[in-house]
Amino acid sequence: MARKAAAPTKLFVLDTNVLMHDPTSLFRFEEHDIFLPMGTLEELDQNKKGMTEVARNARQATRFMDEIISGVEDGIEAGIPLDSHSHKAATGRLFLQTSLSRIQTPLSLPNSKVDNQILGVILSLREDQPKRQIILVSKDINMRIKARALGLPAEDYFNDKVLEDTDLLYAGVRELPADFWDKHGKGMESWLADGHTWYRVTGPLVPSLLVNEFVYQESGNPLYAIVKSVKGNVAELQTIKDYAHQKNGVWGITARNREQNFALNVLMDPDVDFVTLLGQAGTGKTLLTLAAGLMQTLEHKRYSEIIMTRVTVPVGEDIGFLPGTEEEKMTPWMGALEDNLDVLNKTDDSAGDWGRAATQDLIRSRIKVKSLNFRRGRTFLNKYLIIDEAQNLTPKQMKTLITRAGPGTKVVCLGNISQIDTPYLTEGSSGLTYVVDRFKGWPHGGHITLARGERSRLADWAAEAL
């Protein structure tokens with residue numbers, strides 16, 4: 001029987017924003033070839049100055065290209081193999097536009113616009129290679145619409161996505177089926193240790209469980225437990241502390257629902273170094289995190305101070321330069337911190353106004369507000385680091401921040417992936433989605449998706465109806 005011929009490789013024409021979003025995109029197209037128009041190189045050159053993430057990526061993409069091209073004396077027109085530069089991850093070739101005469105501007109669109117020049121290059125390529133599939137890859141939606149209007153195939157760049165569908169994102173919580181104990185209770189061991197009940201179970205569901213995943217059953221005899229270890233088809237479950245009860249209140253705050261109870265369990269656990277909390281507005285992410293931080297900093301003396309930082313992306317127009325020190329400049333961004341401290345200060349009614357004022361001063365002396373811009377090269381020792389609005393961070397920025405943690409530091413990332421304000425970031429490619437996916441199942445990491453809003457009936461209805 002004759003062998004089936006290999007499928008013909010495609011030629012992907014890259015828009016500038018793909019390289020500025022992910023410089024390694026040059027090596028992400030496997031066996032297919034890549035074509036870079038002059039317009040793309042021109043725009044890369046215009047965007048390489050500055051200290052923004054986009055400028056850094058533009059410089060990195062330029063360095064990659066220099067590395068690839070500098071080893072080739074001649075024959076750029078024939079394409080430069082990418083396999084030696086990508087450790088065999090990409091086996092295609094890189095083509096550069098070597099002739100300016102090949103641009104034919106489509107439909108008399110203005111030639112001065114780089115986007116139109118790139119579309120002209122694709123039309124010329126189609127004439128030169130009519131049998132080959134030539135596809136534009138761009139993060140710019142309008143550019144893709146223009147290409148399709150001209151009958152040219154266009155795609156978004158998906159390779160940076162952690163998940164295709166954020167509904168598949170790990171929630172950190174799992175409801176056990178009603179027949180769980182029938183299927184997993186055979187030969188089950190149970191014991192008491194440190195005030196918690198432990199269960200050692202075996203059965204078909206066990207291999208799909210992850211370490212530090214919360215499991216629950218709401219039937220006649222409710223069970224709330226955390227998975228402590230999974231080995232083959234044997235798992236150990238430990239019952240959790242009930243933070244919904246007033247006697248276990250954290251800085252006067254008690255859990256109002258099941259997910260908040262789970263969240264306080266990971267926030268208060270000294271063995272968990274990294275926590276991610278996802279949820280809509282009003283689910284209690286910041287309040288729970290601050291309450292746990294104050295309790296462990298001021299009462300338990302586990303951490304020396306709380307550091308709070310957030311991504312400074314404005315919702316409306318920017319209000320210009322802000323006067324003062326780093327802390328004073330960050331004040332307008334820290335309204336959420338002020339609101340939550342007001343709630344936490346009101347929890348102790350017995351202290352009176354003087355007592356409350358003293359507590360307030362003590363709290364403020366232990367909470368530092370920092371900007372993200374000056375984190376490189378720092379190491380935080382015994383700190384409780386809160387990264388708010390983390391959905392606006394890229395995976396690379398997220399890595400830079402989390403690797404600042406020194407011994408004894410706990411990092412808590414808070415965010416709502418449906419509120420992304422950074423250009424080119426989507427729910428699937430956000431740094432927050434990235435860390436949730438990469439840290440799941442790590443014994444010293446915890447994640448909870450908070451589902452229920454607890455702010456007010458007005459806020460809950462608005463979140464649902466608007």
Side-chain angles (χ1 to χ4, degrees), residues 10 12 14-30 32 34 52-54 56-58 60-61 89-90 135-145 147-148 153-174 208 210 213 274-281 283 285 310-311 313 315 372 387-402 411-442 445-451 463:
K10 299 169 187 171
F12 288 103
L14 299 194
D15 193 2
T16 324
N17 46 47
V18 175
L19 292 167
M20 291 193 299
H21 176 67
D22 178 12
T24 62
S25 57
L26 288 165
F27 312 117
R28 297 289 182 92
F29 288 90
E30 296 168 350
H32 304 291
I34 293 170
T52 62
E53 188 74 11
V54 167
R56 284 193 197 103
N57 286 349
Q60 185 57 57
I135 300 164
L136 167 71
V137 181
S138 175
K139 300 286 297 173
D140 182 348
I141 298 170
N142 288 329
M143 176 75 158
R144 297 202 297 269
I145 293 169
R148 292 201 182 105
E155 289 179 8
D156 192 358
Y157 176 69
F158 292 116
N159 227 312
D160 59 324
K161 282 199 173 174
V162 183
L163 291 171
E164 279 304 310
D165 184 358
T166 44
D167 290 344
L168 302 172
L169 187 62
Y170 171 60
V173 176
R174 180 194 296 247
S208 66
L210 291 163
E213 185 175 16
F274 181 71
V275 178
T276 43
L277 296 183
L278 257 66
Q280 297 288 337
T283 46
K285 303 183 294 291
R310 73 185 294 176
V311 188
V313 180
V315 173
L372 282 173
I387 304 168
D388 202 4
E389 301 291 344
Q391 75 275 3
N392 288 321
L393 291 167
T394 64
K396 201 170 161 192
Q397 288 171 320
M398 196 61 112
K399 181 181 177 180
T400 305
L401 278 176
I402 297 169
V411 180
V412 185
C413 292
L414 314 175
N416 174 8
I417 53 171
S418 60
Q419 283 186 348
I420 294 174
D421 305 309
T422 310
Y424 301 140
L425 270 193
T426 61
E427 292 184 6
S429 59
S430 159
L432 188 55
T433 311
Y434 177 72
V435 290
V436 169
D437 193 64
R438 294 297 167 97
F439 274 91
K440 67 182 181 192
W442 185 51
H447 166 71
I448 294 293
T449 300
L450 295 162

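Nearest heavy atom pair, residue A147 against residue A154, reads CB-CB, 3.9 Å. Listed here is the closest heavy atom pair of F27 and A90: O-CB, 3.8 Å. Minimum heavy-atom separation, L14 to S25: CD1-OG, 4.3 Å.
With sequence neighbours left out, D15 forms a side chain to side chain donor-acceptor pair (under 3.5 Å) with N17, S138. With sequence neighbours excluded, the residues that form a side chain to side chain donor-acceptor pair (under 3.5 Å) with S418 are N416. When the side chain to side chain donor-acceptor pair (under 3.5 Å) test is applied to T276, the partners found at least two apart in sequence or on another chain are H447. Remark: E30 pairs with no residue by the side chain to side chain contact (heavy atoms under 4.5 Å, CB included) rule, at least two apart or across chains. Partners of R174 under the salt bridge (charged side-chain N to carboxylate O under 4.0 Å, His left out) rule, at least two apart in sequence or in another chain, are E213. The salt bridge (charged side-chain N to carboxylate O under 4.0 Å, His left out) test applied to K10 returns no partner, not counting sequence neighbours.
Put simply, CD on E427 and CD on Q419 are 10.5 Å apart, with the number rounded to the nearest 0.5 Å. Taken from CG in N57 to CG in D22, the straight-line distance is 7.5 Å, to the nearest 0.5 Å. Annotation: the span from D140 atom CG to T16 atom OG1 amounts to 9.5 Å, rounded to 0.5 Å. Atom CG of L450 is separated from atom NZ of K285 by 7.0 Å, given to the nearest 0.5 angstrom. The distance from the SG atom of C413 to the CG atom of D388 is 10.0 Å, given to the nearest 0.5 Å. Here CZ of F12 is found 9.0 Å from CD1 of I34. Values are rounded to the nearest 0.5 Å.
The one candidate from L277, I387, I417, L425 that meets the side-chain contact (heavy atoms from CB on, under 4.5 Å) condition with L432 is I417. Of the residues listed (L414, T433, I420), the one engaging Q391 in a side-chain contact (heavy atoms from CB on, under 4.5 Å) is I420, and it is the only one. In summary, of the residues considered (K440, K399, M398), a side-chain contact (heavy atoms from CB on, under 4.5 Å) with V435 occurs for M398 alone.
K396 places no side-chain N or O within 3.5 Å of a backbone atom of G431 that could act as its donor or acceptor partner.
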Kindly indicate, with the supporting measurements, whether the criterion side chain to side chain contact (heavy atoms under 4.5 Å, CB included) is fulfilled by T449 and V436. CA-CA 10 Å; T449 300; V436 169; over 6 Å; no

Working for side chain to side chain contact (heavy atoms under 4.5 Å, CB included), residues E155 and L136: CA-CA 6 Å; E155 289 179 8; L136 167 71; over 6 Å; no

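Between L169 and L278, some side-chain heavy-atom pair lies under the 4.5 Å cut-off.
Taking the six-membered ring for Trp and thresholds of 30 and 60 degrees, H21 and Y157 have ring planes more than 60 degrees apart, a perpendicular arrangement.
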